[in-house]
Amino acid sequence: MHFWDDGDVITWTQSSRVQPGDLVFIYAGVPIGAILYRTRAIETDLPAGERMREDFASGKMMRLELEKSYGTEKFSRTYLTEQYGIRAVRGPRYVPDKLFRELMKDG
């Protein structure tokens with residue numbers, strides 16, 4: 001994935017009540033199926049461009065700063081199901097405390 005090719009900050013669609021300073025974990029769906037990144041919101045509730053408003057209902061964007069990359073195997077869908085009972089990720093969701101602690105290890 002090339003999200004971070006131009007630096008450690010990207011603009012991402014915002015579909016929940018994320019506030020500056022919040023952690024945002026990015027899960028890539030099929031065919032990858034894994035949590036890939038830990039980021040921190042640095043700006044939120046930014047207006048989306050016309051195309052983004054057409055593709056995403058919220059019409060809002062946020063700027064995220066990369067804190068950590070995990071790779072495709074560490075937090076795979078299989079691992080999340082077996083260890084934490086997480087069977088589907090279809091949008092913003094709560095992170096169980098035990099998983100949160102594991103995501104925060106190593107920086």
Side-chain angles (χ1 to χ4, degrees):
M1 297 207 167
H2 301 281
F3 299 127
W4 313 104
D5 286 353
D6 294 327
D8 288 344
V9 176
I10 61 169
T11 302
W12 198 265
T13 184
Q14 179 182 338
S15 59
S16 62
R17 292 182 287 203
V18 176
Q19 298 295 311
D22 287 352
L23 287 172
V24 176
F25 298 95
I26 297 178
Y27 177 89
V30 174
I32 296 169
I35 297 173
L36 297 180
Y37 306 109
R38 181 179 78 211
T39 69
R40 188 163 306 271
I42 55 176
E43 292 180 82
T44 60
D45 299 319
L46 302 170
E50 187 174 328
R51 176 141 195 280
M52 292 301 287
R53 284 194 308 270
E54 291 173 8
D55 293 345
F56 298 98
S58 77
K60 295 188 291 186
M61 303 295 289
M62 58 186 166
R63 293 190 33 85
L64 302 174
E65 183 172 29
L66 179 64
E67 288 192 349
K68 185 168 182 70
S69 295
Y70 298 110
T72 59
E73 299 299 318
K74 183 151 179 95
F75 294 105
S76 68
R77 181 176 178 185
T78 301
Y79 181 78
L80 294 173
T81 299
E82 291 172 356
Q83 297 298 313
Y84 300 102
I86 297 171
R87 303 203 187 291
V89 178
R90 293 192 176 99
R93 63 167 290 145
Y94 168 77
V95 176
D97 289 338
K98 186 177 174 185
L99 174 57
F100 180 78
R101 286 191 298 274
E102 189 174 354
L103 288 161
M104 296 303 292
K105 284 182 182 175
D106 302 322

[X] [atom1] to [Y] [atom2] distance, which is reported to the nearest 0.5 Å:
X	Y	atom1	atom2	value
Glu67	Met104	CD	CE	6.5 Å
Leu23	Leu103	CG	CG	9.5 Å
Leu36	Trp4	CG	CH2	10.5 Å
Phe25	Leu99	CZ	CG	7.5 Å
Asp22	Ile42	CG	CD1	13.0 Å
Leu80	Glu102	CG	CD	9.0 Å

Do any N or O atoms from the side chain of [X] and from the backbone of [Y] form a donor-acceptor pair under 3.5 angstrom?
X	Y	value
Gln14	Asp45	yes
Arg40	Gly21	yes
Thr81	Ile86	yes

Which heavy atom in Lys60 sits nearest to a heavy atom in Ala48, and how many Å separate them?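 Result for this residue pair: N-CB, 4.1 Å.
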Connected via hydrophobic side-chain network under 4.5 Å: Phe100 and Tyr70: yes
Step-by-step side-chain contact (heavy atoms from CB on, under 4.5 Å) determination, Met62 to Thr11: CA-CA 6 Å; Met62 58 186 166; Thr11 302; over 6 Å; no
Is there a side-chain contact between Tyr27 and Ile35, using heavy atoms and a 4.5 Å cut-off? yes
Validation row: Trp12, Ile26 side chains within 4.5 angstrom (heavy atoms):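 Answer yes - side chains close enough.
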Side chains of residues 87-95: which donor-acceptor partners sit under 3.5 Å, not counting sequence neighbours?
| from | atom 1 | to | atom 2 | distance (Å) |
| --- | --- | --- | --- | --- |
| Arg93 | NH1 | Ala88 | O | 3.2 |
| Tyr94 | OH | Asp97 | OD1 | 3.4 |

